[in-house]
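Along the sequence shown, residues carry numbers from 1.
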Amino acid sequence: MPPLVIMWLAAIVVFAVLEAATAALVSIWFVVGSVVGLILALFGIEFQIQFLVFLIVSALVLAVVRPIARKYLTPKKVSTNYDRYIGSAAIVTETIDNIHSTGAVKIGGVEWTARAESGEIIPKDSLVKITAIEGVKLLVVPETTVKEGD
């Protein structure tokens with residue numbers, strides 16, 4: 001068996017093993033390019049042309065396959081309704097005290113645990129504005145000019 005055929009077979013194996021080890025579409029294009037290089041080596045084409053075709057085919061497969069694969073392999077962000085509360089007003093139903101880990105607000109008929117964004121104590125029955133959501137807690141700031149649900 002000619003040495004170039006063995007080299008291309010080895011390249012196919014190495015790139016395939018690397019791809020299998022990562023499972024992140026790292027080297028699959030090089031497997032395809034190596035297969036084309038192997039075919040050219042079997043026909044006795046000189047190495048410089050084999051290598052150039054390997055690079056071109058690998059680049060083409062990368063350019064064509066990667067965007068398609070990324071589209072199907074990238075997890076889609078599932079939008080939830082809770083983010084609609086950001087910027088809205090809520091009523092404090094339990095005094096918000098970050099130090100004692102207490103605090104709750106009610107918005108849209110649902111009670112959420114809440115923390116003050118700047119750490120101040122916000123008394124019960126105060127109006128607050130929701131600035132962010134972290135996990136199951138709303139981050140709020142005191143608000144006096146808006147109505148609940150705005």
Side-chain angles (χ1 to χ4, degrees), residues 6-41 47-150:
I6 294 170
M7 182 201 72
W8 287 117
L9 285 171
I12 292 168
V13 170
V14 167
F15 290 132
V17 167
L18 181 64
E19 183 63 38
T22 61
L25 294 178
V26 173
S27 63
I28 193 70
W29 5 93
F30 301 124
V31 172
V32 176
S34 297
V35 168
V36 174
L38 173 64
I39 293 168
L40 294 176
F47 178 71
Q48 290 82 1
I49 295 174
Q50 293 174 29
F51 189 72
L52 182 63
V53 172
F54 161 77
L55 291 176
I56 292 169
V57 169
S58 296
L60 286 173
V61 173
L62 172 66
V64 171
V65 174
R66 187 168 175 96
I68 296 168
R70 182 174 257 170
K71 178 181 175 183
Y72 290 106
L73 297 177
T74 303
K76 292 178 176 41
K77 181 180 178 186
V78 177
S79 183
T80 59
N81 291 331
Y82 75 83
D83 52 348
R84 73 178 184 269
Y85 291 140
I86 296 175
S88 297
I91 305 238
V92 178
T93 58
E94 177 186 353
T95 299
I96 299 172
D97 184 348
N98 293 1
I99 294 173
H100 293 102
S101 296
T102 61
V105 299
K106 191 170 193 175
I107 182 166
V110 178
E111 190 164 73
W112 289 69
T113 55
R115 297 294 169 258
E117 188 174 87
S118 61
E120 75 266 34
I121 295 175
I122 304 175
K124 182 179 178 181
D125 296 325
S126 297
L127 208 52
V128 292
K129 181 176 180 180
I130 300 165
T131 58
I133 300 174
E134 290 183 356
V136 295
K137 290 183 172 69
L138 300 179
L139 294 180
V140 299
V141 294
E143 183 72 27
T144 57
T145 59
V146 295
K147 297 178 183 176
E148 179 184 1
D150 286 349

Worksheet item: Between Ile122 and Ala116, which heavy-atom pair has the shortest distance, and what is it?
Response: CD1-CB, 4.0 Å
Worksheet entry | Closest approach of Val128 to Pro142 (non-hydrogen atoms, all atoms of both residues) | CG1-CA, 4.2 Å
Discussion item. Any side-chain to backbone donor/acceptor pair from Glu19 onto Ile28? Under 3.5 Å, distance only.
Written reply: yes
Fill in: Sidechain-backbone polar pair: Arg115 side chain, Ala104 backbone, donor-acceptor under 3.5 Å
no
Worksheet entry | From Leu52 atom CG to Leu40 atom CG, the distance as rounded to the nearest 0.5 Å | 10.0 Å
Worksheet, complete the sentence: Rounded to the nearest 0.5 angstrom, the CH2-OG distance for Trp29 and Ser58 is 10.5 Å
Item to complete: Just say parallel, tilted or perpendicular for the rings of Phe54 and Phe15, cut-offs at 30° and 60°.
Response: parallel
Response to the item:
For Val105 and Ala114 the tightest heavy-atom approach is CG1-CB, 3.7 Å
Discussion item. If you apply the rule side chain to side chain contact (heavy atoms under 4.5 Å, CB included), what do you find for Leu138 with Thr113, and how did you get there?
Written reply: CA-CA 6 Å; Leu138 300 179; Thr113 55; over 6 Å; no
Item to complete: To the nearest 0.5 angstrom, please state how far the CD1 atom of Ile130 sits from the CG atom of Leu139.
Response: 10.0 Å
Discussion item. Determine whether a donor-acceptor pair (N or O, by modelled atom type, separation under 3.5 Å) exists between the side chain of Thr95 and the backbone of Ile121.
Written reply: no
Worksheet item: Rounded to the nearest 0.5 Å, how far apart are CZ of Phe51 and CD1 of Ile56?
Response: 11.0 Å
Item to complete: Report yes if the side chains of Ser126 and Glu143 come closer than 4.5 Å at any heavy-atom pair, otherwise no.
Response: no
Worksheet item: Of all heavy-atom pairs between Thr131 and Val140, which one has the smallest distance, and what is that distance?
Response: OG1-N, 4.1 Å
Fill in: For Val35 against Ile12, the heavy-atom pair lying closest together
CG2-CD1, 3.7 Å
Worksheet item: What is the distance from atom NZ of Lys137 to atom CD1 of Ile96, rounded to the nearest 0.5 Å?
Response: 12.0 Å
Worksheet, complete the sentence: What one should report as the nearest heavy-atom pair of Ile133 and Trp112 is CG2-CZ3, 4.3 Å
